[in-house]
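Notes for the one structure printed next.
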Amino acid sequence: MAILFCSDPAAASRWRGELIPVLPGRDIRFWPEIGDPSEVEYAIVWHPERGLLASLPNLKLILSLGAGVDHILADPDWPRRVPIVRLVDPHMTDAMSEYVALQVLRLHRQDLDYQAQQRQRVWHERAQKNAAERRVGILGFGALGRAAAATLKALGFDVAAWSRREQAGSGVATYAGSGGFAAILGRSEILVCLLPLTPETEGILNATAFAQLPSGAALVNAGRGGHLVEADLLAALDSGQLSAAVLDVFREEPLPPSHPFWHHPRIIVTPHAAAATHAPTAAAILCDSIRRFEQGLPVPNLIDPVSGY
Ligand code: NDP
Ligand code: OXD
């Protein structure tokens, strides 16, 4: 019985020192050194190459190294018979809440404008709303969206969230499904995307959605690059319908040097750094999932392959 770890080679050397202590005595193999594929029962993966998972005939459980599983489901050959567990780690959740709070505060407090003024040595105090008067909408109300909503609420923002199914008793205004989409857009001066990438959410941040936001709204996308129609964002910024965007994720990563987002005055780029997987805490969670699976106990955070998250 072997456990396969598959990510980029730099990650492998970092993870080796985390996985071996929490899985003592286990046969852990680091891609591309797979050995006999029939011995691999567990695969811990980030962006596995196409066909890798299908080539493991006795695979029992796939563990995502991230919260998202789109990097696994993007492989048309992924073995449908094998359950997939995604990563839910309080360390990552806290990191995402910090990122969202930081970026929402930057937008709320007109940081881009003050930076531009500083470059021009302009001393001009801008009219400023209070957080309670700033309506923030969060797309995706799961592990990350809920925590980010609570953090923003604690800062005093007027927060609402959107999910696929109705959510009750969360303490923030909630909207659900296609019926609730226009409603959350209509009230979101700052829109934060924390959705998973699925066939339903691909391209959801598009011209039609931007047109339903209040004029001059701002966007934070920390979900996936595939959520955003890039040309529509540029057009909405040019027209003034959107005033700014903070982007952490991109259709092509790393963002190519020639990409217009790099030097757009109303776009802030971060390199998919909002909430990186933290190996020390994640290793313990992955190990716990394997142990629970082996003992026949329920494994938390299994994904639904039909909805894709
Ligand atoms: P969860 O699965 O816990 O939550 C997903 C949320 O999205 C749920 O509220 C779900 O609704 C909602 N949702 C899914 N599909 C739809 C839809 N079609 N319409 C409306 N709502 C929908 O995921 P996490 O919160 O853990 O993670 C979210 C995403 O964040 C990840 O998939 C990943 O893409 C991204 N991420 C980015 C990172 C970064 O560093 N930039 C780091 C980590 C994650 P419901 O509650 O009804 O199921
Ligand atoms: C994730 C990510 O999905 O880092 O965990 O994007």
Side-chain angles (χ1 to χ4, degrees), residues 7-8 11 44-48 63-74 84-100 102-103 137-151 160-170 172 174-185 191-206 209 219-228 246-251 253-255 268-279 281-282 285-286 300-309:
S7 182
D8 61 82
I44 301 172
V45 298
W46 182 249
H47 285 278
L63 300 104
S64 172
L65 269 173
V69 293
D70 48 298
H71 62 102
I72 298 169
L73 305 187
I84 301 176
V85 61
R86 65 192 202 85
L87 185 65
V88 178
D89 180 346
H91 192 283
M92 175 188 277
T93 307
D94 289 348
M96 184 59 88
S97 294
E98 287 174 12
Y99 181 87
V100 171
L102 169 69
Q103 306 307 346
I138 302 185
L139 304 182
F141 199 44
L144 302 179
R146 278 178 180 268
T151 301
W162 183 69
S163 56
R164 195 161 60 91
R165 298 160 289 199
E166 300 283 348
Q167 310 275 351
S170 58
V172 305
T174 51
Y175 300 86
S178 49
F181 192 51
I184 192 156
L185 294 177
L191 185 71
V192 179
C193 178
L194 288 176
L195 287 165
L197 185 63
T198 70
E200 280 187 32
T201 64
E202 210 282 333
I204 194 167
L205 302 173
N206 58 29
L219 171 71
V220 178
N221 186 19
R224 284 287 182 264
H227 290 132
L228 178 66
V246 180
L247 307 175
D248 185 56
V249 284
F250 304 90
R251 285 185 180 262
E253 295 184 4
L255 188 63
I268 296 168
V269 168
T270 55
H272 200 144
T277 298
H278 181 61
T281 47
I285 293 166
L286 295 165
N301 305 310
L302 288 177
I303 66 124
D304 169 11
V306 175
S307 48
Y309 68 98

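First listed ligand is number 1; within each ligand, the first listed atom is number 1.
- Residues Phe141 and Thr174 come closest through the heavy atom pair CE2-CG2, 3.7 Å.
- Taking NE2 from His278 and CG from Asp89, the interatomic distance works out to 7.5 Å, rounded to the nearest 0.5 Å.
- Residue Arg164 has at least one N or O atom closer than 3.5 Å to an N or O atom of ligand 1.
- Contact detail for Thr151 and Ser97: the closest heavy-atom pair is OG1-CB, 3.4 Å.
- Separation of atoms OG (Ser64) and CG (Leu286) is listed at 8.5 Å; rounding is to 0.5 Å.
- Distances below 4.0 Å separate heavy atoms of Leu195 from the following atoms of ligand 1: 7 (O), 12 (C), 13 (N), 21 (N), 22 (C), 29 (C), 34 (O).
- Ranked by closest heavy atom to atom 41 (N) of ligand 1, the top entry among Asp248, Val88, Asp304, Thr277 is Asp248.
- Annotation: Ala276 places no N or O atom under 3.5 Å from an N or O atom of ligand 1; distance criterion only.
- Numbered from 1 in the order shown, with element, the atoms of ligand 2 that lie under 4.0 Å from a heavy atom of His272 read 2 (C), 4 (O), 6 (O).
- Close approach to Gly140 involves these atoms of ligand 1, each under 4.0 Å from a residue heavy atom: 6 (C), 7 (O), 9 (O).
- Taking a cut-off of under 4.0 Å to the non-hydrogen atoms of Val249, the atoms of ligand 1 that pass are 41 (N).
- Checking side-chain atoms of Thr277 against main-chain N and O of Leu65 turns up a donor-acceptor pair under 3.5 Å.
- Residue contacts with ligand 2: Arg86 is excluded, as none of its non-hydrogen atoms falls under 4.0 Å.
- Considering backbone and side-chain atoms alike, Phe141 places an N or O below 3.5 Å from some N or O of ligand 1.
- Residue-ligand proximity, Met96 to ligand 1, at heavy-atom distances under 4.0 Å covers atoms 37 (C), 38 (C), 39 (C), 41 (N), 42 (C).
- For ligand 1, the atoms closer than 4.0 angstrom to any heavy atom of Arg165 are 45 (P), 47 (O), 48 (O).
- Between Pro300 and Val85 the shortest heavy-atom distance is O-CG2, 3.1 Å.
- Side-chain contact annotation: Thr201 with Tyr309, donor-acceptor N/O pair under 3.5 Å absent.
- Contact between Ala222 and Val249 at its shortest, heavy atoms only, is C-CG2, 4.0 Å.
- Residue-to-ligand polar distances place Gln167 within reach of ligand 1: an N/O pair is separated by less than 3.5 Å.
- Counting only non-hydrogen atoms, the option in Leu197, Asp89, Leu144 that gets closest to atom 25 (O) of ligand 1 is Leu144.
- Between the side chain of Asp248 and the main chain of Ala274, a donor-acceptor pair closer than 3.5 Å is present.
- When heavy-atom distances to ligand 1 are checked against a 4.0 Å cut-off, Leu194 comes that close only through its backbone atoms N, CA, C and O.
- Ile285 contributes atom CD1, which lies 9.0 Å from atom CG of Asn301 (distance to the nearest 0.5 angstrom).
- Using modelled atom types, no side-chain atom of Arg164 and backbone atom of Gly177 make a donor-acceptor pair closer than 3.5 Å.
- A distance-only check finds a donor-acceptor pair linking the side chain of Arg251 to the backbone of Leu228 [under 3.5 Å].
- The distance from ligand 1 to the heavy atoms of His272 drops below 4.0 Å at these ligand atoms: 39 (C), 40 (O), 41 (N).
- Within ligand 1, the atoms closer than 4.0 Å to a non-hydrogen atom of Glu200 are 18 (N), numbered from 1 in the order shown.
- The protein heavy atom nearest to atom 5 (C) of ligand 1 is Pro196 CD, 3.6 Å.
- Contact annotation: the side chain of Ile138 never approaches that of Val172 to less than 4.5 Å [non-hydrogen atoms, C-beta and beyond].
- Polar contact check, Ala275 against ligand 1: a nitrogen or oxygen pair lies under 3.5 Å apart.
- Considering backbone and side-chain atoms alike, Met92 places every N or O at 3.5 Å or more from each N or O of ligand 2.
- Note: an N/O pair closer than 3.5 Å links Arg86 and ligand 1 by distance alone.
- Checked by distance only, ligand 1 and Ala143 come closer than 3.5 Å through their nitrogen or oxygen atoms.
- Between His47 and His71, the angle of the ring planes lies from 30° to 60°, which puts this pair in the tilted group.
- Inter-residue side-chain proximity for Cys193 and Leu205 is flagged as met; some heavy-atom pair is nearer than 4.5 Å.
- Here's the thing with Ala222: one of its N/O atoms is less than 3.5 angstrom from an N/O atom of ligand 1.
- Gly223 O, 3.6 Å is the protein heavy atom nearest to atom 35 (C) of ligand 1.
- Closest protein heavy atom to atom 5 (O) of ligand 2: Ala67 N, 2.7 Å.
- Some N or O of Arg224 is nearer than 3.5 Å to an N or O of ligand 2, by distance alone.
- Taking the side chain as every heavy atom from C-beta outward, Leu185 and Trp162 never approach each other to under 4.5 Å.
- Residue contacts with ligand 2: Ala276 is placed with no nitrogen or oxygen under 3.5 Å of a nitrogen or oxygen of the ligand (distance criterion only).
- Of all the atoms in ligand 2, the ones that sit under 4.0 Å from a non-hydrogen atom of Gly68 are 1 (C), 3 (O).
- Between Gly142, Ala67, Ser178, it is Gly142 that holds the heavy atom closest to atom 8 (C) of ligand 1.
- Not a single N or O atom of Thr198, backbone or side chain, sits closer than 3.5 Å to an N or O atom of ligand 1.
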